[in-house]
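Have a look at the structure below, then the notes.
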Protein chains: 2
Amino acid sequence: MTEPNTMVFMTTEHKKVTIRDVARLANVSYGTVSRFLNGSEHVSKDASERIAAAIKESKYTPNKAARSLAQQRTSTVALIIQVEASETVVQYSVSEAMSGANTTLGDAGYQMVTLIANSEDSTKRIEQLVNSDFADGYLLFSLSEDDSLANAFLSTNRPVVRSEVSDRGDLTYPAVDFTNADGQRDITRYMLDKGRSHIVYVCGPGYSPASIKRLAGFKEALGDRFDDRQVYFADDWEITSGELAVFEYQSMLSGIDGFVCANDNLAIGVINQLNRFGYRVPDDIAVTGFDDSPMAILSNPKLTTVRQDSMLHGRAMAELLLTMLRGEPVRQYYVRLLPTTIVERQSA
Amino acid sequence: MTEPNTMVFMTTEHKKVTIRDVARLANVSYGTVSRFLNGSEHVSKDASERIAAAIKESKYTPNKAARSLAQQRTSTVALIIQVEASETVVQYSVSEAMSGANTTLGDAGYQMVTLIANSEDSTKRIEQLVNSDFADGYLLFSLSEDDSLANAFLSTNRPVVRSEVSDRGDLTYPAVDFTNADGQRDITRYMLDKGRSHIVYVCGPGYSPASIKRLAGFKEALGDRFDDRQVYFADDWEITSGELAVFEYQSMLSGIDGFVCANDNLAIGVINQLNRFGYRVPDDIAVTGFDDSPMAILSNPKLTTVRQDSMLHGRAMAELLLTMLRGEPVRQYYVRLLPTTIVERQSA
DNA sequence: CTGTTAGCGCGTTCAG
DNA sequence: CTGAACGCGCTAACAG
């Protein structure tokens with residue numbers, strides 16, 4: 001059956017060394033070994049040493065499934081991303097946050113499994129998983145306002161941390177978020193202070209929670225002078241949409257001296273199109289972004305933007321979850337807001 | 001203890017509905033329920049219906065840990081990334097591949113856990129995990145040639161798929177990789193065909209497997225004309241290193257008409273610095289990249305580069321692993337090479 | 001086709 | 001301080 005040079009993998013069979021083997025080697029009962037492994041004080045120094053030696057000798061590693069079953073904990077945390085079907089999951093800020101969360105969870109002895117909800121099927125699968133308590137806690141990134149998934153968590157009593165403050169009153173989970181509104185407000189004021197008074201706001205897609213908050217910040221900065229007609233609603237976060245925004249305002253461009261954009265991609269699209277139309281940035285029209293992604297220094301001119309530390313975002317979420325996993329109480333609706341800062345470059 | 005407005009989470013206690021409850025509701029033994037759940041044919045239509053109803057009514061979801069323990073499979077796959085401590089994990093191509101792998105594994109009913117090995121600690125942790133057979137299979141991204149981790153897999157007989165062909169003979173795992181050498185060779189020839197004959201190669205960092213292969217491709221294209229002095233060895237994959245390369249060759253720039261770079265970042269750095277030195281790209285000096293990352297269209301001029309489909313890379317790796325998990329035999333050293341294509345833009 | 005039962009590997013009583 | 005025994009929720013092998 002199995003030809004030479006062919007690998008076949010068995011999922012069964014594998015003479016694994018168990019706690020019993022260790023016990024035998026160390027000349028104790030396996031109950032004692034278990035106590036030793038779980039750091040119980042009630043193990044004699046003598047026995048401890050023999051057990052330690054036995055473990056090393058036999059290369060014993062505890063079986064995760066058995067342990068999970070016995071103590072009802074999985075040492076696993078699930079990071080769940082909910083996105084529009086159309087949207088790409090691979091956004092810089094999300095990747096960074098995932099990476100941050102992964103390392104702090106890993107250091108704490110947890111494994112992070114990543115689940116992506118971008119279709120009915122995947123959403124249903126994830127609901128099932130959550131319902132089976134397959135993880136000890138959850139990190140929830142709702143890149144879309146669609147709430148179908150959030151409901152799944154109502155039936156579990158495992159801790160959940162969200163990546164953004166929610167509007168829904170029944171979602172009492174704590175969250176770690178950026179000062180989106182403040183950041184957008186501040187950079188808008190920055191523009192205003194530089195004498196730019198005819199500003200267009202390129203808003204993110206409507207399904208995004210961040211879009212709403214940033215728009216609010218823009219409005220706040222403008223106060224009474226705000227006019228609905230000065231905001232363009234993009235369909236997504238991509239460069240192309242920034243270009244489209246400029247097309248939309250093409251006929252009025254001579255009366256405009258600034259574009260405030262809800263993220264870097266949109267800003268870059270705006271700059272590109274402005275260049276094509278022969279406008280100089282920032283001399284004729286200034287442009288700002290949001291995120292300070294790696295692309296921010298690639299535009300011409302380089303982007304003045306709002307910086308947020310996405311890696312920290314992930315780390316902070318993970319840390320919060322870890323405290324909850326330790327059993328420490330956390331206030332309902334608790335929110336930790338991470339700062340955003342203006343990065344001044346050439347585009348504004 | 002627990003104040004109002006405070007959430008405390010219990011990791012124990014949770015009256016979960018088990019297979020027994022379902023059995024009672026459906027008036028069958030729980031062995032029958034188990035068979036039903038595992039798709040055994042030997043369940044009467046009548047019983048099946050009652051069980052299905054009972055499951056729905058009780059909102060039963062099987063316990064993963066128990067199932068894993070009993071059947072020695074975990075329904076999880078680990079994606080392991082090995083990087084230099086200094087290097088950022090968040091590289092576009094890796095994120096894309098992760099996303100691709102995640103969706104195809106998810107569709108197949110597997111959860112993907114991501115593990116990052118970038119320190120002694122994390123490496124040791126991962127070795128432990130692998131040794132405890134905590135996953136059914138592994139996707140291994142060695143972004144660094146450091147082999148300390150690869151050894152961990154020698155002691156498991158779970159299937160492993162690598163993201164690049166290995167030089168080590170004892171690592172017999174199948175791999176999915178790009179035609180790195182061919183891609184680099186072809187775009188070099190493209191340059192040569194355009195009459196560029198004084199070319200510098202900006203090589204990736206020495207710890208990267210891809211670096212080696214791409215360099216080989218460059219050499220192949222040049223054949224006898226190859227000269228050691230025309231290659232610059234970058235310390236990493238970042239833009240800055242591309243800029244440094246140009247500095248290095250500053251005094252000879254007038255005699256150079258092309259830079260072939262091992263990735264887009266390096267190429268962008270080269271272009272930037274060339275621009276600063278007053279050279280026109282591609283008129284004076286042409287530049288090519290590799291990856292076709294999103295940044296490729298942001299440089300000025302836009303980058304002519306080698307495209308590789310990283311999402312597909314992840315998908316293909318996952319698919320290969322799935323076939324192995326199904327028990328289908330796979331030849332030792334089997335390698336699937338994914339195509340690379342030249343994307344012609346303005347920089348060359 | 002179905003009920004029964006013996007583990008899977010480990011944590012946790014409870015005596016001693 | 002330590003050993004024995006039971007149970008976690010489920011699968012699988014065996015009778016029937």
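Chain letters run A, B, ... following the sequence lines, proteins first and then strands; every chain starts at 1.
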Pairwise side-chain contact, B:V22 with B:V28, heavy-atom cut-off 4.5 Å (strictly under): no

Sugar-phosphate, base or nothing in reach of A:I19, heavy atoms under 4.0 Å: sugar-phosphate

Gap between atoms CG and P, on A:N63 and C:dG7 respectively (whole Å): 18 Å

Rounded distance (Å) that lies between atom C1' of C:dG11 and atom NZ of A:K64: 16 Å

Nearest-nucleotide pick for B:T18, side chain only, options being C:dC8, C:dC10, D:dC10: D:dC10

Carboxylate-amine/guanidinium contact A:K64 B:D133, below 4.0 Å: no

B:T104 side chain reached by B:Y110 side chain, heavy atoms, under 4.5 Å: no

Straight-line distance of A:I81 CD1 to A:L115 CG, nearest 0.5 Å: 9.5 Å

Residue-phosphate contact under 4.0 Å: B:S68 side-chain N/O, C:dC8 OP1/OP2: no

Distance below 4.0 Å between A:T32 side-chain N/O and D:dT2 OP1 or OP2: no

Comparing B:L69 and B:K45 on DNA chain C - which has the more 5′ nearest nucleotide: B:K45

Interatomic distance, B:R35 CZ vs D:dG16 C1' [rounded to whole Å]: 12 Å

Nearest-Å distance for atom pair CD/C1', residues B:Q72 and D:dA12: 12 Å

Closest nucleotide among C:dG3, D:dT2, D:dC6 to the B:V28 side chain: C:dG3

Nearest-nucleotide 5' precedence on DNA chain D, B:G31 against A:A47: A:A47

Distance-only donor-acceptor test, A:R73 side-chain atoms vs C:dG11 base atoms, 3.5 Å: no

Euclidean distance, atom CG of residue B:N27 to atom C1' of C:dG3 [Å, nearest integer]: 13 Å

Main-chain N/O of B:T74 paired with B:D136 side-chain donor or acceptor, under 3.5 Å: yes

Touch class at under 4.0 angstrom, heavy-atom based, for B:A65 against every strand present: nothing

Nucleotide D:dG3, atom C1' - distance to CD1 of A:I51 in whole Å: 12 Å

Phosphate OP1/OP2 of D:dC10: any B:S34 side-chain N/O under 4.0 Å: no

Between D:dT11 (P) and B:R67 (CZ): distance, integer Å: 5 Å

Atom pair distance, as rounded to whole Å: OH in B:Y30 and P in D:dC8: 11 Å

